[in-house]
Amino acid sequence: MHFHPVTADDKQKMLEDIGVSSFEDLLKGIPASLRNPKINVREAVSELEIQNLMRGLGNINHSAHDYLSFLGAGSYEHFVPTAVSEVIRRNEFYTAYTPYQPEASQGTLQSIYEYQSLITELTGLDVSNASHYDGSTSLAEAVLLSVRHTDRVKVLVSRAVHPHYRQVIETYLKGTPYSMVEFGFGEDHTFDRAQFESLLTPEVAGVVFQTPNFFGVLEDLEGVSEKVHENGSLLIMTANPLSLAALRSPGEWGADVAVGEAQPFGVALQFGGPYVGYFSATRALMRRIPGRLAGLTVDSEGKRAFCLTLQAREQHIRRERAASNICTNQALCALAACVHMTLLGKEGIREVAELNMDRAAYLRGKIGATPGFKVLKDQPIFNEFVVRSDKPFDVLEKKLLNKKIFPGVPLETYYPELKNQFLVCATETKTQEQLDTFVRELSQC
Amino acid sequence: MNFPKELRYTKTHEWAKKEGRTVTVGITDYAQKEISDVVFVELPKNGQAVAAGKPAAVVESVKAAFDIYSPVTGKVTAVSSVIEGDPGMVNQDCYGKGWFFTVEMSTESEWDALMDSAQYEKNLKTEV
Amino acid sequence: MLISDSSQLSFEKSRPGRRGAALPKQFCDKSQGLEAVPDKFRRRRKLVFPEMTEPEVVRHFVQLSKKNFSIDTHFYPLGSCTMKYNPKINEWAAGLEGFAKVHPLQPESTTQGFLQVCYELEQDLKEITGMKRFTLQPAAGAHGELTGMMLVRAYHEAMGQAKRRKVLVPDSSHGTNPASAALYGYHVVELKSNARGRVELKTLEEHLDDEVACLMLTNPNTLGLFEEDILKITEAVHKKGGLLYYDGANFNALLGIARPGDMGFDVVHLNLHKTFSTPHGGGGPGSGPVGVSERLIPFLPGPLLDKEGSRYLLRDAGPKSIGRVKSFHGNAGMLLRAFVYIRTLGLSGLKKVSEDAILNANYLKEKLKKIFPIAVDEPCMHEFVLSIRNTKAQGIHSGDIGKRLLDFGVHAPTVHFPLVVEEALMIEPTETESKETLDRFVETLEKIAEEIIRNPEMIKLAPHTLPIRRPDEVLAARKPVLSYRDQLRDKVLLAEGVPS
């Protein structure tokens, strides 16, 4: 086996040095009834055959590589500079371990620190961790933070938050003394302020909003943080980090915690994962943040040094009193995000955000003007919007798939009242020709 | 190591100083040496109820976290304003500025159950 | 010098006006996008981001990478982490456009290739572990553990046994075990290991009552020792109505040798980034699939993978499901890598993994126990623990020895864990290391053992040859500086000659 250096010769010498006559002698303690289980797994194939097999399996899939895709809803197709994959393919990055030995991991630690810095800049909050599994689990942990911090039992969550994220929060809260209550949205896809305020009672630990919300809409949160804080609760926002380059950040809205999905920065779609959750908060909440934190300090010679810090919050020390149980996070994806953000830079990231807004506004305008389709043309959006069609979505989708187009994500599965409505996403990856093609094909449905 | 004679001690290495019904609590010289550099202290809240032998505070070093147990039952009446911002003070002056919190005792007899400095030192020798 | 000494941040190398990416062109009427959005939605706060060109960014990160140890450059005998070689074919496959660009919400008819990979992986994992069904959703081992705890809770509640609030763990367990249990509101009780480092059946039975929800074990345990009483253990727990959870962190010892399903475990999590060769990435991404016995299947998180005829599909979990634990489908990219690994090794390759892992560990153990005290002197499985308790006189701890090893080009083993062993040094060579590497490791430790006597300062102040000396972790914890913004605000640790 080409990964296993131990030869028959080696084995013989080693058994001699160990002092046993056969390998089986080393397994004497294992009950006989457990030994040599019958395992029905295929035998090995050569690497050439694997290459053919995987290429074949990959070719069975369609995706943005051969279709025109307008799918978003928490997973976004963006232009990724080639240099990003060059960096994350450096062996010293992707085959490295968690940086528990700082002297041997300054590369990983400094890049985590830079990632943390970039996230705090975008969110406008003080502290960021080294990454979480994804946006949904990051949000669930933010909710847990709020109940622990305030000693209260309820969280209010906007129904315009990503359905998967709400499901994950529900899962995390099941069997605990905590509960989640949802508040709804109106015809314009923004939150029902009256309902929200009536639900903001003294048992509420935290309130969750998404920006842009699941429908792509930017919600007016003026006055919300004041009311939330007056109530003694925390304001948690889950935000598309790319949008924050041009749009008002959670910090500027008065949020205490900002979490979300940093997949838009350098992380491939990969059928849903691995992605990278980010988690940031105000300094007051620093010690309650889950996950790893890279800090800057000096070494014994006064030289700058990076190391993991505030580790006494974590599982390997606090054990049952840890802030979270997270161990392995998504470091390599966070590195990809860091490199991507660094390449875009201060001007570039803002430009990309604006390109997204321009493309989406353009597409929305054109679709809105197409007979058989309606949009909310005045709502401020980032790069996604809802389209309502006269025809059933499956009919549309079938026709468009034949034209190699993924028209968008149907909303009825998640919101039964939103029949024949679907979410369309247009990022900077779309050319004018592609957008016009889509509109033309829609009009012919 | 130093164990002031006017204080009383617990098996879990806290010291206690009594003034009327108020007991001031901190950790002993032995404890601060064992923990080594204190990086963070989590104190109870003012007014919080504490029970003898139950955790009331947490001390963190770089590599570990330690429960600090209240020597007596009662209500927390004061909490240090020094050690949260300057955790190193716990190592520097564990019997003075490094105090943690004060408790208004509900059961005065608990005080008698605490060890004096001679008993504590003896206890240390057998433990270590 | 071969690598740069600089620890300047990208922010500090930044110069106004530089750009690192050539962006797609603007073609839309600009008045429709950001300009059409009311002021209150726009960002007002200045964005402090680096401005660098592509060559500068590339050099910056490549130089950083050269400051790292990694499996592809160094031997990493980290106990419990299974630092085995990460096959390049896995990376190549995951990067294929046909996989990398698949959106999770595409209609299923367009993702059959990916669904097939995930489905077949589940079948393979079922066979390898002896479990009846898997969820591939959890993103890491600890996430799998949390999922496992939720499954345990849901099961007992459905059986009218919600009173079971206790979880038993051995005192040698990995920190995520009690953390996961406590996160779910369970009361954690630690069982004292016996003199042979294992769970003592009598101790277990003393703690087994009808309030125990489950026993969390890893087998072999963190000392690398197989729990020989495992069948009696699982029987005892089941008899009292409890469940058994298997932490798969040490599964590299059991491939083809024994299966947790056969031992009686009800919930099993695997670490694909350990046993199944997916790369550690400096701290993830990983993947922690969770397998269950028959009675726990109804509670699994959805969606679940299924096959109807020749069609692969995602099926909603039933009404008893604990619900989703992550957005979309799990770390599909890592699942794919594990799938390729299993196809590459095949059944005999998988068996050889554990055989060689056990052989390498026992070989090292025999050689190293002559140099340092060993925690339990018995045949081990894939890892073993030394107890560096003979160096107190020189004031040297196991951590110091780990640091000195760095100077010799070997990553430190796991230090100060498990907690039940004094001055623990946990060593797991894995099956992808050659006998020569192991022999060199032994020689290195012999040198260090001599140094302990002749020149202990060398060890106490190690490492000496790396980009930094020991960092002041006390300062880092007392006065945390966690971002460039912290540096600017507190005016600390700024690089020389950097415009702020």
Side-chain angles (χ1 to χ4, degrees), chain A residues 5-6 10 14 29 34 43-44 54 57-58 60-65 71 87 90-92 95-96 98 103-104 106-108 117 133 136 164 167 171 268 270-274 295-297 299-300 304-305 307 309 315-316 319-320 322 325 327-332 343 346 357-358 361-362 380, chain C residues 7 20-21 28 32-33 37 49 51 61 64-65 67-72 93 96-98 100-104 110 113 139-140 142 153 175 178-180 182 188 228 258 281-286 323-324 327-329 331-333 346-347 356 363 379 434-435 466 468-469 471 476 481 483-484:
Chain A
V6 174
D10 291 331
M14 289 162 84
L34 292 174
E43 264 311 336
M54 296 316 290
L57 285 169
I60 295 176
N61 295 325
H62 296 295
S63 76
H65 81 281
L71 296 169
V87 169
R90 288 289 301 182
N91 314 59
E92 300 94 324
T95 71
T98 303
E103 302 89 339
Q106 288 299 288
T108 297
S117 303
Y133 307 131
S136 73
H164 287 184
Q167 285 167 25
T171 305
Q270 296 175 101
F271 202 40
L296 181 54
T297 182
D299 74 357
S300 56
R304 230 191 211 186
C307 67
T309 188
Q315 52 78 24
H316 58 290
R319 292 172 70 88
E320 63 264 21
N325 74 334
C327 187
T328 294
N329 44 311
Q330 304 282 114
L332 197 69
L343 283 166
K346 180 168 139 193
M357 294 180 77
D358 294 341
Y362 174 89
Chain C
S7 59
C28 305
Q32 296 299 307
V37 165
F49 250 49
E51 292 177 87
F61 285 103
L64 282 183
S65 77
K67 293 188 187 183
N68 271 0
F69 275 38
S70 63
I71 298 177
D72 281 355
L96 288 171
E97 262 192 343
K101 293 198 156 194
V102 177
H103 189 285
T110 63
R153 184 206 65 82
S180 305
V188 177
E228 292 161 355
R324 198 177 254 294
S327 59
F328 309 122
H329 316 310
N331 280 354
L347 184 57
D356 289 357
Y363 176 71
S434 69
K435 184 170 168 300
L466 296 189
I468 59 162
R469 308 299 301 277
V481 175
S483 66
Y484 182 59

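For the numbers below, each heavy atom of this structure counts, side chains included, while hydrogens, waters and symmetry mates do not. Convention: sequence-line order gives letters A, B, ...; per-chain numbering from 1.
Using a 4.5 Å cut-off between heavy atoms, Arg324(C) contacts chain A through both its backbone and its side chain. Heavy atoms of Val87(A) lying under 4.5 Å from chain C belong exclusively to its side chain. Both the backbone and the side chain of Leu347(C) come within less than 4.5 Å of a heavy atom in chain A.
Among Ala268(A), Gly295(A), Ser300(A), the residue with the largest count of heavy-atom pairs under 4.5 Å with chain C is Ser300(A). The greatest number of non-hydrogen atom pairs below 4.5 Å with chain C, out of Thr108(A), Asn61(A), Thr297(A), Leu57(A), is found for Asn61(A). Most heavy-atom pairs under 4.5 Å with chain C: of the set Gly58(A), Ala361(A), Ala104(A), this distinction falls to Ala104(A). In terms of heavy-atom pairs under 4.5 angstrom with chain A, the leader among Val102(C), Val37(C), Leu466(C) is Val102(C). Between chain A and the residues Ser327(C), Gly333(C), Gly323(C), Pro379(C), the largest count of heavy-atom pairs under 4.5 Å involves Ser327(C). For the set Gly20(C), Ser434(C), Pro104(C), Gly346(C), the entry with the most heavy-atom pairs within less than 4.5 Å of chain A is Pro104(C). Most heavy-atom pairs under 4.5 Å with chain C, from the set Ser136(A), Ala64(A), Pro274(A), Gly29(A): that is Pro274(A). When Gly98(C), Gly286(C), Ala93(C) are compared by the number of non-hydrogen pairs under 4.5 Å with chain A, Gly98(C) comes out ahead. The candidate from Ala305(A), Cys307(A), Gly273(A) with the greatest count of non-hydrogen atom pairs under 4.5 Å with chain C is Gly273(A). Here Gly281(C) is the residue among Ala140(C), Gly281(C), Ala21(C), Gly33(C) with the most heavy-atom pairs under 4.5 Å with chain A.
Between the side chain of Arg304(A) and the backbone N or O of Ser7(C) there is at least one donor-acceptor pair closer than 3.5 Å. Here the side chain of Thr95(A) pairs no donor or acceptor atom with the backbone of Ser70(C) at under 3.5 angstrom.
You'll find the side chain of Gln330(A) reaches within 4.5 Å of the side chain of Asn331(C), heavy atoms only. Counting heavy atoms from C-beta on, the side chains of Pro471(C) and Glu103(A) come closer than 4.5 Å.
Of the inter-residue distances, the one linking Asp356(C) atom CG with Met14(A) atom CE reads 8.0 Å to the nearest 0.5 angstrom. To the nearest 0.5 Å, atom CG of residue Asp299(A) and atom CD1 of residue Ile468(C) are 6.0 Å apart. Summarising the geometry, atom CG belonging to Asn91(A) is positioned 11.0 Å from atom CG belonging to Asn68(C); distances are rounded to the nearest 0.5 Å. Of the inter-residue distances, the one linking Gln32(C) atom CD with Tyr362(A) atom OH reads 11.0 Å to the nearest 0.5 angstrom.
Using cut-offs of 30° and 60° for the angle between ring planes, the Phe328(C) and His164(A) rings count as perpendicular.
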